[in-house]
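Report on one structure; see the data block that follows.
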Protein chains: 2
Amino acid sequence: MAHCHVLFYFCIMDISEFVKNGDQYFLPNLSIDLVIIGYSDAKLKCLLLKIGKKWLLPGGYVQRNESVEDAAQRILKSRAGLEDTFLKFLAVFGSEDRQFKSFLEQFAINEHIHLDQKSWLTDRFVSLTYYALVNYEEIFPTTGDFDEAFGWFDFKNLPEMWMDHNTIVNTARIQLITDIQHEYHAHNLLSESFTMPELHKLYETILGDRIDRSRFQKKMLSTGLYKRLPKLNKNTPGRKPYQYRAKK
Amino acid sequence: MAHCHVLFYFCIMDISEFVKNGDQYFLPNLSIDLVIIGYSDAKLKCLLLKIGKKWLLPGGYVQRNESVEDAAQRILKSRAGLEDTFLKFLAVFGSEDRQFKSFLEQFAINEHIHLDQKSWLTDRFVSLTYYALVNYEEIFPTTGDFDEAFGWFDFKNLPEMWMDHNTIVNTARIQLITDIQHEYHAHNLLSESFTMPELHKLYETILGDRIDRSRFQKKMLSTGLYKRLPKLNKNTPGRKPYQYRAKK
DNA sequence: CCAAAAGTGTTATGGCTACACCCATGT
DNA sequence: ACATGGGTGTAGCCATAACACTTTTGG
């Protein structure tokens, strides 16, 4: 009886037959999608890519000789040009209807490319999604060239996106809110050195609520995660704030 | 310039060529592995499957017309015979060296099956892992038949397992510890109706620490998640405890 | 000097901890 | 009666909240 179960599950013959059924794959395709989050003008932004009339998340595939995590970092680097970026796993999106069919048809028409209807690309995809926290200022320093295809969007004003990518971005936004209260990784959205008022404003933006300035500062300092640097010179009235840097 | 990037990423021709390279797949295989957790004899147990000399987690594949979540539930049902089981996503395991080669060779030898060296089964796998909380008593009511192939193992006394499955189980254990303090889902390890002392003992077991009995009871009741039922009749000295049931 | 900005201090409050106490039941 | 086990109450403690106060700087 035991062997019945074992054989049912691991019977190599059965599954080998099962894997292809008239060029249809048994195992779903696997892709990676990234929610690249930036912070500018006191708003959270998300980097999107435009295809046809809709937008989508930057993404890619896992290659043979790299781990999933490495693939995510590689894709992020190719998109944003940054290394050692803060990247965190978000969720698996694996509904049975996740496929790029309409997306690719639109794209093929636009680019005058022949699209094979049986291509694995039009088949169902399972997406591993990550969110990245990047310094908006350090990305695309020679911006302008990509304007037609890339764009930063306010989280509260997202364009229409392909497939379930709107849902993914929203999931990332909610996850970020819960994460920063435990992980204190939001500083990755700022420059390497930043001031407490800047960090305070960032937290207020992400949480969408007022935070007591006094308590916030004390809490952040008590974590011991930040190293105090010399004061910042600025030309506005008021005290000069200290700068801080995240310890490693 | 913008289009260069777009074409690089979505160039259908390039990727279509890339996907197969002498029967080697470009995209990694995708599998699901389950850490099925039970509670018995005041210990946390994990359901494992034996192949050759080592053990492994129950698992399976995502079929064409089902979501990843549905696949996990289906696999769980086929293993444990339970429906509507508590199941939670754990993590993605996606190192570049995750393959069943030695596992399958051992299996093929044991079962006298010819193993095609180029089979996709021996290729690299990305695993989506879930953990399930089940009622130990309700699983395999006709136990004994499966003894050769299945086994419950104490979390602190795991056997040698194939691939990185030891790591997966350990990750699940740690995740469970952090989860139950926020989600209060541990009651899924008990019968449908349970007493507070039972729940208390369960929490102490999972957290591996003493918990104040008084505070625990008040905290659990204050969540409003549990409905009080009539008292339990038992034949031991002391007060009869109330029974509780998780509200939906 | 004044207003704005940044840093620090003070008191009240709510939840958690530890323990004490009370109640029910089998032997 | 009493040992055992289950349920509830209470005083101390600590983290958080709300706000007040002080210091620094540009105009």
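Just so you know, these numbers come straight off a predicted model, no measurement behind them. Chain identifiers are assigned alphabetically (A, B, ...) following the order of the sequence lines, protein sequences preceding nucleic acid strands; residue numbering begins at 1 within each chain. These values consider heavy atoms only, across backbone and side chains, with no hydrogens, waters or symmetry-generated copies.
Between the P atom of D:dG9 and the CD atom of B:Gln217 lies a distance of 11 Å, rounded to the nearest Å. A:Phe216 has its CZ atom 16 Å from the C1' atom of C:dT8, to the nearest Å. In this structure, A:Arg213 atom CZ and C:dA4 atom C1' are separated by 11 Å, rounded to whole Å. Per the geometry, NZ belonging to B:Lys219 stands 12 Å off P belonging to C:dG15, to the nearest Å. Rounding to whole angstrom units, CZ of residue B:Arg239 and P of C:dA24 are separated by 5 Å. Counting to the nearest Å, the C1' atom of D:dG9 and the CG atom of B:Asp212 are 12 Å from each other. Spacing between atom OH of B:Tyr226 and atom P of D:dG7 amounts to 15 Å, rounded to whole angstrom units. Rounding to whole angstrom units, NE2 of residue A:His200 and C1' of C:dA5 are separated by 13 Å.
Around atom NZ of B:Lys77, no more than 12 heavy atoms belonging to other residues, nucleotides or ligands sit under 6.0 Å away.
Nearest to the side-chain atoms of A:Pro197 among the listed nucleotides D:dT8, C:dA6, D:dA18 stands C:dA6. The side chain of A:Lys240 sits closest to D:dT25 out of D:dT25, C:dA18, D:dT4. Among C:dG7, C:dG26, D:dG7, the nucleotide with an atom closest to any side-chain atom of B:Pro237 is C:dG26. With distances taken from any side-chain atom of B:Tyr242 to the nucleotides C:dA5, C:dT8, D:dG7, the minimum falls on D:dG7. Candidate nucleotides D:dG7, C:dA18, C:dG7 were compared by shortest atom distance to the side chain of B:Lys218, and C:dA18 ranks first.
Residues A:Lys234 and B:Lys234 both approach DNA chain D. Their nearest nucleotides, taken by heavy-atom distance, put B:Lys234 toward the 5′ side. Ranked by how close their nearest DNA chain D nucleotide is to the 5' end, B:Pro241 and A:Thr236 are led by B:Pro241.
Note that B:Arg228 lies in the cation-pi zone of B:Tyr242, set by a 6.0 Å cut-off to the ring centre and a 45° limit from the axis.
Annotation: the span from B:Arg210 atom CZ to B:His200 atom NE2 amounts to 6.5 Å, rounded to 0.5 Å. Distance check, rounded to the nearest 0.5 Å: OG1 of B:Thr178 to NE2 of A:His182 gives 10.5 Å.
As judged by a 4.0 angstrom heavy-atom cut-off over every strand, B:Arg210 is placed among residues making no nucleic acid contact.
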Item to complete: Kindly determine whether A:Ser31 and A:Ser127 satisfy side-chain hydrogen bond (donor to acceptor under 3.5 Å, both in side chains), including the steps that lead there.
Response: CA-CA 5 Å; A:Ser31 67; A:Ser127 266; 2.8 Å; yes
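Side-chain atoms of A:Ser214 come within donor-acceptor range of the base of C:dG9, with a qualifying N/O pair under 3.5 Å.
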